[in-house]
Protein chains: 2
Amino acid sequence: MALAHTILTVLSEQPSTGYDISKRFEESVSCYWKASQQQIYRELGKMEVAGWVSFDLIPQAGKPDKKVYRITPAGQAELARWYPEPTEPAPIREDLLVKVLAGAFMPQAQLVAELRRRRQGHLDQLMRYQAMEAQYQVHPNPPRQEQYRYLTLRRGLRYEQDWIAWCDEVLALLAPTADDITTAHYR
Amino acid sequence: MALAHTILTVLSEQPSTGYDISKRFEESVSCYWKASQQQIYRELGKMEVAGWVSFDLIPQAGKPDKKVYRITPAGQAELARWYPEPTEPAPIREDLLVKVLAGAFMPQAQLVAELRRRRQGHLDQLMRYQAMEAQYQVHPNPPRQEQYRYLTLRRGLRYEQDWIAWCDEVLALLAPTADDITTAHYR
DNA sequence: AGCCTATACTCAACATATTGAGTATGTCAA
DNA sequence: TTGACATACTCAATATGTTGAGTATAGGCT
């Protein structure tokens, strides 16, 4: 359900095509909501039926016609209805943690390699977020929307930093003996 | 796909019924993998067809018959095949972050209330994990499996701590003015 | 005596997400 | 000029996850 509300939120900022929304998801929303183009198009279709959004069909020469969606009063009402509902933490399904659990039965070198690879990936993402964060520092008095967007970016930053710190912690325990952590002490 | 591999991993530790697996998921695996009983039963059925697990039917007086599943050599081979494959970070879909983004258009008091509520929830979970962590301290020389399990628990601990820290950060920026963060400075 | 919880599993319907193909054209660079 | 990439959307199949009901009985509590 919340995909619809995420779309309603980004449409509150400005009317957009499905394609635009997908772009915006990738660049700034992706740290807390992943959705494919197909999902967005399908959801927009459903939301249109529900009356939460409407669109203008903009004929284009050459390219396919654009559907520029905007939020309707009914959509705003739905957003307001949803807003105060309590949220639950998102369920987590982390393959990497399963691999750590299975570590007792599998070659440790493979786990160590994977942890190093993942650490690097999280570091790359962290650096992208830090570049985005630097953008916020240059504007002395940003619009209200930007301030809230910044708070979501902070979540992304922390998330990547936390992953890196955990990878380091695990690698420090696994790497010294290279195939046995029996001698490593906890904490 | 990885649900099957998670089940294979817990079955590597010991043969279990679907019911048992579900219990174990809830208590110790839930910090990185959530799955309902129904999902587990269905997945076990598919895995049995694939030959990755087999079961003994234990007739029980009164209760329905037990299916005690164990991993087969084919299942072990599948786990070994899967193990070195690179993992991707799990896609995130966090309602709360969407609400933060929508904060510019919605009553701030509702967001603040929700952040406080969520902070408390993460604190409760953190305390449960800390109680579990204390269990590991008492065993001086734990079996190998327990050591890896401990590393996954560390991820859960960090995750909750990180959420709490972010909630505090956001609340500190939002709360002072109670309905406007214009005057708050970044970082 | 009646109710709740735990054990133990099955089936069905629905919702959500992923993957891949298909349509159509403009722009830019090798 | 060929090919990659961006724009812009649609359809279909499959995979995965959620929700709710249904079957059955033991044991403990009120």
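Lettering of chains follows the sequences in order, A, B, ..., and the numbering in each one begins at 1.
Considering only side-chain atoms of A:Tyr41, the nucleotide from C:dC9, D:dT10, D:dG17 that sits closest is D:dT10. For B:Ser36, taking side-chain heavy atoms from C-beta onward, the closest of the listed nucleotides D:dT19, C:dT16, C:dA8 is D:dT19.
Summarising the geometry, the separation between CD1 on B:Ile92 and C1' on C:dA17 is reported as 16 Å, rounded to the nearest angstrom. In this entry the distance linking CG of A:Asp65 with C1' of C:dT25 reads 13 Å, nearest Å. Summarising the geometry, the separation between CZ on B:Arg24 and C1' on C:dA8 is reported as 16 Å, rounded to the nearest angstrom. Look at NZ on A:Lys34: it is 13 Å from P on C:dT19, rounded to the nearest Å. If you take CD1 of A:Ile40 and P of D:dT10, they are 13 Å apart, rounded to a whole angstrom. Distance CD (A:Gln39) to C1' (D:dA12): 16 Å, rounded to an integer number of Å. C:dT10 atom C1' lies 14 Å from atom CG of B:Leu57, rounded to whole Å. Atom CE of B:Met47 is separated from atom C1' of D:dT16 by 15 Å (rounded to the nearest Å).
Using the six-membered ring where Trp is involved, A:Trp52 and A:His5 have ring planes that are tilted, between 30° and 60° apart.
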For this session: Tell me, with the steps shown, if B:Glu169 and A:Arg158 meet salt bridge (charged side-chain N to carboxylate O under 4.0 Å, His left out).
Result: CA-CA 11 Å; B:Glu169 193 182 318; A:Arg158 282 189 166 280; 3.0 Å; yes
For this session: Run the numbers on B:Arg81 and B:Glu78 for salt bridge (charged side-chain N to carboxylate O under 4.0 Å, His left out), then give the verdict.
Result: CA-CA 5 Å; B:Arg81 186 201 62 75; B:Glu78 171 54 27; 2.7 Å; yes
Problem set entry | side-chain contact (heavy atoms from CB on, under 4.5 Å) assessment of A:Tyr32 paired with B:Asp95 | CA-CA 8 Å; A:Tyr32 53 93; B:Asp95 291 24; over 6 Å; no
Exercise. Run the salt bridge (charged side-chain N to carboxylate O under 4.0 Å, His left out) check on B:Glu114 and B:Arg117 step by step: do they pass?
Worked result: CA-CA 5 Å; B:Glu114 180 60 14; B:Arg117 209 186 58 79; 3.2 Å; yes
Could you write out each protein N or O paired with an N or O of nucleotides 11-14 of chain C at a distance under 3.5 Å?
none

Mind listing the N/O atom pairs, protein and nucleotides 5-7 of chain D, below 3.5 Å?
{"from": "D:dT7", "atom 1": "OP2", "to": "A:Tyr19", "atom 2": "OH", "distance (Å)": "2.7"}
{"from": "D:dT7", "atom 1": "OP2", "to": "A:Lys23", "atom 2": "NZ", "distance (Å)": "2.8"}

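Each of B:Gly18 and A:Lys46 has a nearest nucleotide on DNA chain C; the 5'-most of these lies closest to B:Gly18. Each of B:Tyr69 and B:Arg93 was matched to the nucleotide of DNA chain C holding its nearest heavy atom; the match closer to the 5' end belongs to B:Tyr69.
Between the side chains of B:Gln147 and B:Tyr136, no donor N or O sits under 3.5 Å from an acceptor N or O. Side-chain contact annotation: A:Gln161 with A:Tyr129, donor-acceptor N/O pair under 3.5 Å absent.
A:Val53 has its side chain within reach of A:Leu8: a pair of non-hydrogen atoms, C-beta onward, lies under 4.5 Å apart. Two residues are said to be in side-chain contact when any heavy atoms from C-beta on lie closer than 4.5 Å; B:Arg119 and B:Leu115 fail this criterion.
For the contact set between residues 3-15 of chain B and DNA chain D, defined by any heavy atom under 4.0 Å, there are no members.
In this structure, A:Glu13 pairs ionically with A:Arg24, as a charged nitrogen and a carboxylate oxygen lie closer than 4.0 Å.
In the hydrophobic clustering of this structure, B:Val10 does not group with B:Val68; members are Ile, Leu, Val, Met, Phe, Trp, Tyr whose side-chain heavy atoms approach within less than 4.5 Å, directly or through other members.
No contact: B:Gly45 has no heavy atom under 4.0 Å from any strand.
A cation-pi geometry, defined here as NZ or CZ lying under 6.0 Å from the six-membered ring centre and within 45° of its normal, holds between A:Arg155 and B:Trp163.
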